[in-house]
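A note on names: the letters A, B, ... follow the listed sequences, proteins ahead of strands, and every chain is numbered from 1. Since we're looking at a predicted model, the values are computed, not measured.
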There are 2 protein chains.
Amino acid sequence: MDVDSWTPPPVLVAVDLVIFTLRAGRLQVLLVQRGVEPFAGARALPGGFLSHAQEDLAAAAERELAEEAGLAAGELHLEQLGVYGTPGRDPRGRVISVAYLAIAPRLPEPVPGTDAADAWWVPVEVALSEQTTLAFDHRQIIADGVERARSKLEYSALATAFCAPMFTIVELQEVYEAVWGVRLDPRNFYRKVQSVDGFIVPAGPVRKNDNGRPARLFRAGPRQALYPPMTRPPAPADQPLTTRLHAPADKVRNEHEH
Amino acid sequence: MDVDSWTPPPVLVAVDLVIFTLRAGRLQVLLVQRGVEPFAGARALPGGFLSHAQEDLAAAAERELAEEAGLAAGELHLEQLGVYGTPGRDPRGRVISVAYLAIAPRLPEPVPGTDAADAWWVPVEVALSEQTTLAFDHRQIIADGVERARSKLEYSALATAFCAPMFTIVELQEVYEAVWGVRLDPRNFYRKVQSVDGFIVPAGPVRKNDNGRPARLFRAGPRQALYPPMTRPPAPADQPLTTRLHAPADKVRNEHEH
DNA sequence: TGAATAGTGTCTTTCAGACAGTATTAG
DNA sequence: CTAATACTGTCTGAAAGACACTATTCA
């Protein structure tokens with residue numbers, strides 16, 4: 001920035017999406033299969049390059065959300081996750097990727113992908129495991145997304161973004177259990193979540209079950225920042241919490257007991 | 001990403017730094033005066049363009065830290081804050097800025113700026129007020145940095161990054177008070193901070209004061225994530241906490257009492 | 001009726017917040 | 001001694017976690 005004749009190096013900007021939802025009681029992420037080099041055949045996060053020089057980053061994220069996942073941006077939570085710009089992360093040249101985190105309520109089974117050859121919901125512990133070959137630095141991006149979601153469940157109302165507009169308290173609890181990878185006491189959860197003012201508000205009457213007492217329905221309340229926060233059990237030591245996802249929820253609890 | 005002959009638009013990438021420190025019991029941010037258009041004469045965050053196509057983003061942040069603030073990266077906390085990429089934020093063309101948050105212990109009075117014409121520590125409430133003309137979207141970036149620092153004090157050991165390698169508990173308390181803009185009870189703070197395992201560890205004997213009992217010295221402990229977290233008084237409603245900084249610390253407390 | 005799921009009450013422990021009191025220095 | 005700062009103890013109320021119990025549905 002000192003010499004006047006010098007010009008900064010131009011860089012290509014990609015936007016990638018970490019789209020989470022809850023399916024079968026597990027936290028799942030949307031992955032596509034790359035059809036072209038580099039990393040042809042590997043799994044990757046949906047995303048793409050900025051379409052033109054004047055496109056806003058968030059707008060590009062919304063466009064990719066529609067193109068690659070058939071999701072309308074208005075219906076879901078979307079926030080910036082971070083920038084990934086290590087030189088060499090893309091063999092084609094200098095590409096930095098702006099990652100966005102999207103949270104979607106459970107969607108109809110097939111993902112109506114238009115661009116990508118194929119797209120699937122993959123449980124995060126599968127996506128992060130060795131058995132999945134991920135393009136670029138997408139494993140790191142997913143891991144960061146998991147960590148972001150976990151910590152935001154504590155002190156924000158993000159959990160409601162995983163739910164349909166109306167939901168039961170048990171459904172909300174399932175969000176916490178799946179994302180944190182723990183089991184929570186339904187009775188304490190019930191009391192706790194209702195005591196946080198403005199987190200959820202009663203809506204409609206009840207929802208019938210196949211069997212058992214119908215559950216009351218709620219909507220997301222106005223409060224974004226939760227006070228007091230939802231507390232998650234302490235991490236065993238100081239390592240990244242990502243490791244805990246690999247263990248089944250039932251076992252996680254035992255890790256604390258010695 | 002569909003047509004093969006299409007190529008994505010190249011973009012210029014800047015790296016900007018939000019450098020916080022504690023001076024005179026207040027949270028202060030380092031600002032430079034721009035010497036060239038656009039926004040010549042306005043205050044701005046230290047920063048600059050990527051120097052060459054293969055420079056890593058974090059490396060660029062460290063380079064700017066050294067060039068513009070004379071700070072060695074090894075000595076301070078540095079983390080990515082976010083990307084700012086609204087079209088039109090830079091009148092020269094499409095520039096996206098990767099913002100980094102740096103936390104420094106109190107430094108010797110004059111800032112040994114080399115590149116920038118001038119650099120000053122400015123209290124954040126001054127920097128965010130109308131009286132300061134800031135270039136680009138740097139007001140927003142600073143506000144986001146303040147919010148990040150505030151929330152990370154709660155559940156991480158970030159506060160120690162504001163302190164010298166050895167510090168007293170009162171000094172640590174001053175960090176919390178300045179960043180949160182509240183007053184805390186020294187006796188409860190003392191007990192609380194010591195009860196969080198691994199947050200701070202005793203070091204050396206004591207530090208003498210001009211007057212009064214010498215204080216014990218501590219170092220940052222190994223624990224990064226605090227459990228249980230340090231709790232900050234609840235925000236009055238749901239608006240951004242930034243507004244609270246404009247009120248003197250003494251008055252903030254009263255806002256809750258009705 | 002029983003099985004299943006939803007929701008309540010109550011006890012114990014832990015922790016935040018208020019604040020009285022003790023300890024160690026300089027003068 | 002007093003003034004000043006550092007540190008300790010103790011009480012109270014709120015909230016977390018464990019878990020017995022009641023409520024409402026379907027078959």
Side-chain angles (χ1 to χ4, degrees), chain A residues 25 153-155 163 166-174 176-177 180 182-197 199-218 226-235 250 252-254 256-257, chain B residues 25 153-155 163 166-174 176-177 180 182-197 199-218 226-235 249-250 252-257:
Chain A
L153 285 201
E154 289 189 73
Y155 55 87
C163 298
M166 297 178 72
F167 52 86
T168 67
I169 289 189
V170 170
E171 285 168 349
L172 191 63
Q173 179 181 343
E174 285 163 357
Y176 278 89
E177 292 185 332
W180 283 350
V182 297
R183 294 233 136 249
L184 302 171
D185 184 296
R187 298 152 313 188
N188 291 336
F189 185 86
Y190 195 99
R191 175 165 41 73
K192 167 69 181 177
V193 82
Q194 295 231 65
S195 75
V196 179
D197 202 69
F199 184 12
I200 58 172
V201 296
V206 292
R207 169 182 300 166
K208 291 182 181 173
N209 289 305
D210 291 357
N211 200 1
R213 178 173 173 173
R216 293 196 293 199
L217 288 169
F218 294 84
L226 304 185
Y227 189 87
M230 305 295 290
T231 50
R232 96 177 119 160
D250 304 310
V252 170
R253 183 153 283 229
N254 296 329
H256 302 270
E257 295 179 356
Chain B
L153 284 201
E154 290 189 73
Y155 55 87
C163 299
M166 295 178 74
F167 51 87
T168 68
I169 289 188
V170 169
E171 286 167 349
L172 192 62
Q173 179 181 343
E174 285 163 357
Y176 278 90
E177 292 185 333
W180 284 349
V182 296
R183 294 233 135 249
L184 302 171
D185 184 296
R187 299 155 310 189
N188 292 335
F189 184 86
Y190 196 99
R191 176 166 39 74
K192 167 70 181 174
V193 82
Q194 294 233 65
S195 76
V196 179
D197 201 71
F199 184 11
I200 59 172
V201 295
V206 292
R207 169 182 299 166
K208 290 182 181 173
N209 290 305
D210 290 358
N211 201 2
R213 176 173 174 174
R216 291 196 293 198
L217 288 169
F218 294 83
L226 305 185
Y227 189 87
M230 305 294 291
T231 50
R232 91 177 124 162
D250 305 309
V252 170
R253 181 151 287 223
N254 297 329
E255 294 180 19
H256 302 271
E257 295 180 356

>> So for atom CG, which belongs to A:Asp197, do other residues, nucleotides or ligands contribute more than 12 heavy atoms lying within a distance under 6.0 Å?
In response: no
> Does the B:Tyr190 side chain pair with the main chain of B:Ile169, one donor and one acceptor, at a distance under 3.5 Å?
Replying inline: no
> Roughly, in whole Å, what's the span from CG in B:Asp185 to C1' in C:dG21?
Replying inline: 14 Å
>> Rounding to an integer number of Å, can you tell me how far A:Arg183 CZ sits from D:dA18 P?
In response: 14 Å
> Whole Å only: how far is the CD atom of B:Gln173 from the P atom of C:dG17?
Replying inline: 13 Å
> Quick one: CZ on A:Arg232 to OH on B:Tyr227, what's the gap to the nearest 0.5 Å?
Replying inline: 10.5 Å
> Considering all heavy atoms of both residues, which atom of A:Leu226 and which atom of A:Tyr176 are nearest to each other, and what is their separation?
Replying inline: CD1-OH, 4.1 Å
> What's the shortest heavy-atom distance between A:Glu171 and A:Met166, and which atoms?
Replying inline: OE1-O, 4.4 Å
>> For a quick check of understanding: with a heavy-atom distance under 4.0 Å over all strands, which category does A:Val170 fall into, base, sugar-phosphate or nothing?
In response: sugar-phosphate
>> Taking the minimum atom-to-atom distance to the side chain of B:Asn211, which one of D:dA3, C:dA3, D:dA6 wins?
In response: D:dA3
> Roughly how many Å is it from CZ in A:Phe189 to P in C:dA6, rounded to a whole number?
Replying inline: 13 Å
> A:Val196 and A:Pro228: which non-hydrogen atoms are nearest, and at how many Å?
Replying inline: CG2-O, 3.6 Å
> Taking atom P of C:dT14 as reference, at what distance in whole Å does atom CG of B:Asp197 sit?
Replying inline: 15 Å
Atom pairs under 3.5 Å, N or O on each side, protein against nucleotides 8-16 of chain D: can you list them with distances?
from	atom 1	to	atom 2	distance (Å)
D:dA16	OP1	A:Lys192	NZ	2.4

> Expressed in angstrom and rounded to an integer, what is the separation of A:Leu184 atom CG from D:dC19 atom P?
Replying inline: 15 Å
